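The structure under discussion appears below in the form of structure tokens.
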Amino acid sequence: MDDQTRMLTGLTGLGGLQPGDVGDPDSVRKQQSLGQPQQDIGDILQQIMAITDESLDEAQARKHALNCHRMKPALFSVLCEIKEKTVLSIRGVQEEDPPDPQIMRLDNMLLAEGVSGPEKGGGSAAAAAAAAAAGGSPTDSSIEHSDYRAKLAQIRQIYHSELEKYEQACSEFTNHVMNLLREQSRTRPISPKEIERMVAIIHRKFSSIQMQLKQSTCEAVMILRSRFLDARRKRRNFNKQATEVLNEYFYSHLSNPYPSEEAKEELAKKCGITVSQVSNWFGNKRIRYKKNIGKFQEEANLYAVKTAVDAANVSAQASQANSPATPNSGGYPAPCYTPDGRL
DNA sequence: TCAGATGATTTTGC
DNA sequence: GCAAAATCATCTGA
């Protein structure tokens, strides 16, 4: 059964009209003899066709009369059904979009940065971590920390205010369109489903605008992060005492310059830096020592002597004259050389 | 201003 | 996941 046939069958069911009867004067005449409902449908169609030939006032009056016609709901119902099964059904296939992965990524990032979602220590925690990693002084890091937090709060405020504006605009526009369609549904066949689809289309358009807002916000956060928190930018040399403590450990463990987790923690504590900074320092030191032993020999000797003196002092204090100076035994080259490589 | 030093990050291999 | 190696970005002293 095709759509046209269905429509006519629908009308038949409602008013007794048969397929092929519409537009056929003989059939109309025949239907007139069959009863009032058939005549109604013919009348409605005739009036619709004739409405364009009339003046505006006449057309308005006619439109009103048609709106009040008792057969109108049935006719609109059938026309809506036909629309559902043709144009709208094709659109419907395209509307089932999966969630956009880009939006999900942006949402996750904004959430992680503490821009979207409930206000939390996300950004400030990141700031604190970065400040700690940068190894800056407490005063410096706290200033940068509060500055970063203030800027992040500003971004958050702008983001939420813009988001609210978009949502309000979306809601207003949706209501407007829905009212318009409901109003129009009195004069042309518009089903509730069609209105729902239109609302979905509007929401999609607004969500694409929201995505742009989210993208811009993410960019702003990234710029802020790189400006305030990029550890490379905030690199500070360790203080002299910290470097000495690390060097002492390195040269006194030259055979195996790989401090355990406990040793790293202790060194970090002594130097006032983080464990990962200790790891970085040892990583850099190992590779740079290995690459250019000659350059580091003087330094190695210095620390070897220092270690020996310290050990001797400890021994003297403990009345033990002959304790070993360094525990070196292979692996990395021994430190006690002259700068030209001689023992 | 610039070269070298240095701390941090990224890439690579195990 | 850890370490080596390469690289980056900043600091520092001349």
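Because the structure is predicted, anything quoted here is derived from the model rather than measured. Just so it is clear: chains get the letters A, B, ... in the order the sequence lines come, proteins before strands, and each one is counted from 1.
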Once you round it to whole Å, what is the distance between P of B:dA8 and CG of A:L246?
11 Å
Let me know the distance between NZ of A:K285 and P of B:dT6, rounded to the nearest Å.
7 Å
Is it true that, when you exclude A:K285 itself, more than 12 heavy atoms of the residues, nucleotides or ligands shown sit nearer than 6.0 Å to its NZ?
yes
From CG of A:N237 across to C1' of B:dA8 the rounded distance in Å is 12 Å
As a test of reading the structure: which of B:dG7, C:dC11, C:dA5 is closest to the side chain of A:R236, going by heavy atoms?
C:dC11
Length of the NZ-C1' vector between A:K290 and C:dA5, whole Å
9 Å
Out of C:dA3, C:dT12, C:dT7, which nucleotide sits closest to the side chain of A:R288?
C:dT7
Send over the distance from A:I287 CD1 to B:dT11 P, rounded to a whole Å.
17 Å
A:P259 side chain near A:H253 side chain, heavy-atom distance below 4.5 Å
no
N or O in side chain of A:Q277 less than 4.0 angstrom from B:dA8 OP1/OP2
yes
Starting the side chain at C-beta, find the nucleotide from B:dG7, C:dA5, B:dT9 nearest to A:N280.
B:dT9
Given atom CZ of A:F282 and atom P of C:dA5, what is their separation to the nearest angstrom?
17 Å
Considering only B:dT6, C:dA6, C:dA4, which nucleotide approaches the side chain of A:K291 most closely?
C:dA6
Apply side-chain contact (heavy atoms from CB on, under 4.5 Å) to the pair A:M198 and A:M178, showing each step before the final yes or no.
CA-CA 8 Å; A:M198 194 54 78; A:M178 279 171 76; over 6 Å; no
After noting the C-alpha distance and the side-chain angles of A:E162 and A:K165, does the key distance pass the salt bridge (Lys or Arg N to Asp or Glu O under 4.0 Å) rule?
CA-CA 5 Å; A:E162 289 298 310; A:K165 270 189 215 166; 3.2 Å; yes
To the nearest angstrom, the OH-C1' distance between A:Y258 and C:dA3 comes to 7 Å
Please determine, for the side chain of A:K295, which listed nucleotide (B:dA5, C:dA4, B:dA8) has the closest atom?
B:dA5
Just the rounded figure in Å: distance from C1' of C:dA3 to CZ of A:F250.
14 Å
For the residue pair A:L267 and A:F282, establish whether any side-chain heavy-atom pair is separated by less than 4.5 Å.
yes
